[in-house]
*Asks:* 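Submitted below is the structure of interest, expressed as C-alpha cells.
Residue numbers start from 1 in every chain, and the chains themselves are labelled A, B, ... in the order their sequence lines are given, proteins ahead of strands.
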Amino acid sequence: MIINRKFYRRNTLKVARDLLGCFLMREYRGKIWRAMTIETEAYHGEDDLACHASRGRTPRTEVMYGEPGCAYVYMIYGMYHCLNIVTEKKDFPAAVLIRGAKLCRRPTSTKSKTSDVYLDGPGKLCKFLHIDRKLNKWDITKGEKLWLEKGIPKVRPSEIKKSQRIGIDYAQYCREYLWRFSIKP
DNA sequence: TATACGATCACCT
DNA sequence: GGTGATCGTATAC
C-alpha cells in the first residue's frame, strides 16, 4: 500500500520511526527495486541546528517548506546524493533522511538462502537506486519513479534503536538529540 | 567574484 | 584513527 500524504504530515520524529520497516520503491529504466528502510534520521525545523533549514528559507531548502510527501534530494561532498522525505505541515521545514535500507532479492540458490544487499549509507543508497537531483521535489505519494509502501508487520518500539545523528558535529547542542533511528539487528 | 565547508565514502595506517 | 575526492551552497567581500 502506497504511503499517503497524511502519513508524512505528522511529527517528524514519528514519521522517522514509522518509516523503519517500510519499503522504498524505485522505478528506473523499466525495473522496480524494493528496499526495506532500516535507518533514518529526523531533521526538524529552523531550531534544529543540524537541519539545513536552520538558516531559513533559501532556494535549496525551499522544498522542505512545501507540502509533505515530497523528496528533498541534495548533493553532498560534491560526489554523493542524500534522499530525504519532507514531513510536517506546509511552511514548517522538516524532513527524514533515509540513511540505510536492505534490498529485497530473490533467493540465489535452492537452499533458499537470500543474498541480502545492504544499502548502508545515504550516499551509497542513492547511487545504487539512481537517485539524484532530478528527483528533488518529486511527489512520492503518486507511486511513480519513487515512492514508499507500508511494511508488514510494523516494527515494534523495542526493535528500534535510537542514537545521535551522524556527521553534524557543528550543530552544537542539537548533536545530542537522539533523532537517528535504526532497526536492531 | 571568491572562499570555506559539508546530513559521505573508500582507502590508508 | 585520519585523509582526499569534488562541487553546490551560503556567506563574505
*Asks:* Check whether NZ of the Lys or CZ of the Arg A:R133 lies under 6.0 Å from the centre of the six-membered ring of A:Y74 and within 45 degrees of that ring's axis.
*Replies:* no
*Asks:* Considering heavy-atom distances to DNA chain C, does A:T61 or A:Y80 have its closest nucleotide positioned more toward the 5' end?
*Replies:* A:Y80
*Asks:* Could you say whether A:M79 or A:R133 is positioned toward the 5' end of DNA chain C, judged by the nucleotide with the nearest heavy atom to each?
*Replies:* A:M79
*Asks:* Verify the contact: side-chain N or O of A:R60 to OP1 or OP2 of C:dG8, cut-off strictly under 4.0 Å; return yes or no.
*Replies:*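 No.
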*Asks:* Counting the atoms with a prime plus P, OP1 and OP2 as sugar-phosphate, which does A:L97 contact under 4.0 Å by heavy atoms, base, sugar-phosphate, or nothing?
*Replies:* base
*Asks:* Hey, is the side chain of A:R99 poking within less than 4.0 Å of OP1 or OP2 on B:dT8, counting only N and O atoms?
*Replies:*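 For B:dT8, OP1/OP2 do have a side-chain N/O of A:R99 under 4.0 Å.
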*Asks:* Run the salt-bridge test on A:R10 and A:D18 with the 4.0 Å N-O cut-off and return the result as yes or no.
*Replies:* yes
*Asks:* Rounded to whole Å, how long is the line connecting atom OH of A:Y118 with atom C1' of B:dA10?
*Replies:* 21 Å
*Asks:* Do we see A:Y43 stacking on the base of B:dA7, given a limit of 5.5 Å between centres and 30° between planes?
*Replies:* yes
*Asks:* Tell me which donor-acceptor pairs under 3.5 Å the side chains of residues 177-185 of chain A have, and how far apart each pair is, sequence neighbours excluded?
*Replies:*
residue, atom, partner, partner atom, Å
A:R180, NE, A:E39, OE2, 2.7
A:R180, NH2, A:E39, OE2, 2.8
A:K184, NZ, A:S158, O, 3.1

*Asks:* Grab the two heavy atoms, one from A:H130 and one from A:R26, that are nearest each other, plus how far apart they are.
*Replies:*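 Looks like O-NH2, 2.7 Å.
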*Asks:* To the side chain of A:T58, which of B:dC9, C:dC7, C:dA10 is closest?
*Replies:*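 Nucleotide nearest to A:T58's side chain: C:dA10.
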*Asks:* Could you walk me through whether A:K145 and A:D139 satisfy the salt bridge (Lys or Arg N to Asp or Glu O under 4.0 Å) test, starting with their C-alpha distance in whole Å, then the side-chain angles of each, then the deciding distance to 0.1 Å, before giving a yes or no?
*Replies:* CA-CA 9 Å; A:K145 290 190 185 182; A:D139 185 343; over 6 Å; no
*Asks:* For C:dG1 and B:dA7, measure between their C1' atoms and round to the nearest Å.
*Replies:*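 These two C1' atoms come out 22 Å apart once rounded.
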*Asks:* When you measure from the centre of the six-membered ring of A:W138, is the NZ or CZ of A:K142 under 6.0 Å away and within 45° of the axis?
*Replies:* yes
*Asks:* Considering just the side-chain nitrogens and oxygens of A:H52, establish if one lies under 4.0 Å of OP1 or OP2 belonging to B:dA7.
*Replies:*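 Answer is yes, contact under 4.0 Å.
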*Asks:* Have a look at A:G123 and say if it touches a base, only the backbone sugar-phosphate, or nothing, with a 4.0 Å heavy-atom cut-off.
*Replies:*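 Contact class for A:G123: sugar-phosphate only.
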*Asks:* Which whole-number value in Å describes the distance from A:M75 CE to C:dA10 P?
*Replies:* 15 Å
*Asks:* Any side-chain N or O of A:K127 under 4.0 Å from OP1/OP2 of B:dC9?
*Replies:* no
*Asks:* Can you measure A:F128 atom CZ to B:dT8 atom C1' for me and round it to whole angstrom units?
*Replies:* 18 Å
*Asks:* Does A:R57 have any salt bridge (Lys or Arg N to Asp or Glu O under 4.0 Å) partners at least two apart in sequence or in another chain, and if so, which?
*Replies:* A:E62, A:D91
*Asks:* I need the OH-P distance between A:Y177 and B:dA7, as an integer number of Å.
*Replies:*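 Between P of B:dA7 and OH of A:Y177: 17 Å.
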*Asks:* Rounded off to whole Å, could you give me the OH-to-P distance for the A:Y170 and C:dA10 pair?
*Replies:* 12 Å
*Asks:* Quick one: stems for DNA chain B, with Watson-Crick or G-U pairs under 3.5 Å, at least three in a row?
*Replies:*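 DNA chain B stems, ordered by first number: B:1-6 with C:7-12, B:8-12 with C:1-5.
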*Asks:* Does the Lys NZ or Arg CZ of A:R9 fall within the cation-pi geometry relative to A:F92 - under 6.0 Å from the ring centre and within 45° of the axis?
*Replies:* no
*Asks:* Rounded to the nearest angstrom, tell me the gap between atom OH in A:Y77 and atom C1' in C:dA5.
*Replies:*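 Atom OH in A:Y77 sits about 12 Å away from atom C1' in C:dA5.
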*Asks:* Could you tell me how far apart A:Y74 (OH) and B:dC5 (C1') are, to the nearest whole angstrom?
*Replies:* 13 Å
*Asks:* Grab the CZ-P distance between A:R165 and B:dG6 for me, whole Å please.
*Replies:* 15 Å
